[in-house]
Amino acid sequence: QVQLVESGGGLVQPGGSLRLSCAASGFTFSSYAMSWYRQAPGKERELVAAITSAGDSTNYADSVKGRFTISRVNAKNLVYLQMNSLKPEDTAVYYCNAGQKFWGQGTQVTVSS
């Protein structure tokens with residue numbers, strides 16, 4: 001059974017940092033490109049960051065370039081999203097995605113003073 005379980009969300013002040021984790025199971029993790037998406041209230045879900053199956057290439061939404069970093073550890077079936085210099089507009093539910101096929105349940109990130 002495929003599972004993607006996100007963790008690490010929470011409430012943080014503007015300018016702060018969070019690291020999201022996504023633990024994968026039930027499929028061959030190292031064969032899948034992984035992505036993080038987010039969805040803010042009243043908005044469509046958008047791609048935040050993506051990483052290839054080998055972890056040798058990444059891409060980011062313009063709005064997070066230079067602030068967020070996606071990484072993965074294939075030996076542990078984990079993918080991360082390091083988020084720095086957080087802004088109120090980063091507030092959203094963040095979702096882990098595998099190969100545009102599997103989704104996690106999401107974790108809430110709230111940036112507010």
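- A donor-acceptor pair is defined here as one N or O able to donate and one able to accept, closer than 3.5 Å; no such pair exists between the side chain of S30 and the backbone of N74.
- Within the 4.5 Å cutoff, side-chain heavy atoms of S35 are placed close to those of Q100.
- Separating the CG atom in N97 from the CE atom in M34 is a distance of 7.0 Å, to the nearest 0.5 Å.
- Closest non-hydrogen pair, V48 versus Y37, comes out as CG2-C, 3.9 Å.
- Shown here is E44, whose CD atom has no more than 12 heavy atoms of other residues, nucleotides or ligands within 6.0 Å.
- Once rounded to the nearest 0.5 Å, the distance linking OG1 of T107 with OH of Y95 reads 10.0 Å.
- Following chains of ILVMFWY side-chain contacts shorter than 4.5 Å, one cannot reach W103 starting from F29, and the two form parts of different hydrophobic clusters.
- A distance of 9.5 Å separates SG in C96 from CG in L78, rounded to the nearest 0.5 Å.
- Residues F27 and L4 form a side-chain contact, since some pair of their non-hydrogen atoms from C-beta on lies under 4.5 Å apart.
- Rounded to the nearest 0.5 angstrom, S53 OG and R72 CZ are separated by 6.0 Å.
- Between Y32 and F102, some side-chain heavy-atom pair lies under the 4.5 Å cut-off.
- Two different hydrophobic clusters hold V5 and V93 under the rule that ILVMFWY side chains link at heavy-atom gaps under 4.5 Å.
- Applying the side chain to side chain donor-acceptor pair (under 3.5 Å) test to every pair with at least one member in residues 77-94, sequence neighbours left out, gives these pairs: S17-N84, R38-D90, R38-Y94, R67-D90, Q82-N84.
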- prompt: Checking side-chain contact (heavy atoms from CB on, under 4.5 Å) for the pair L20/E6: CA distance, chi angles, key distance, verdict?
  reply: CA-CA 7 Å; L20 305 183; E6 301 98 334; over 6 Å; no
query: Taking it one step at a time, do W36 and M83 satisfy side-chain contact (heavy atoms from CB on, under 4.5 Å)?
result: CA-CA 12 Å; W36 286 95; M83 306 186 295; over 6 Å; no
- request: For side-chain contact (heavy atoms from CB on, under 4.5 Å), just list the numbers for V111 and L18, CA-CA rounded to whole Å, side-chain angles, deciding distance to a tenth of an Å, and then say yes or no.
  value: CA-CA 10 Å; V111 185; L18 283 175; over 6 Å; no
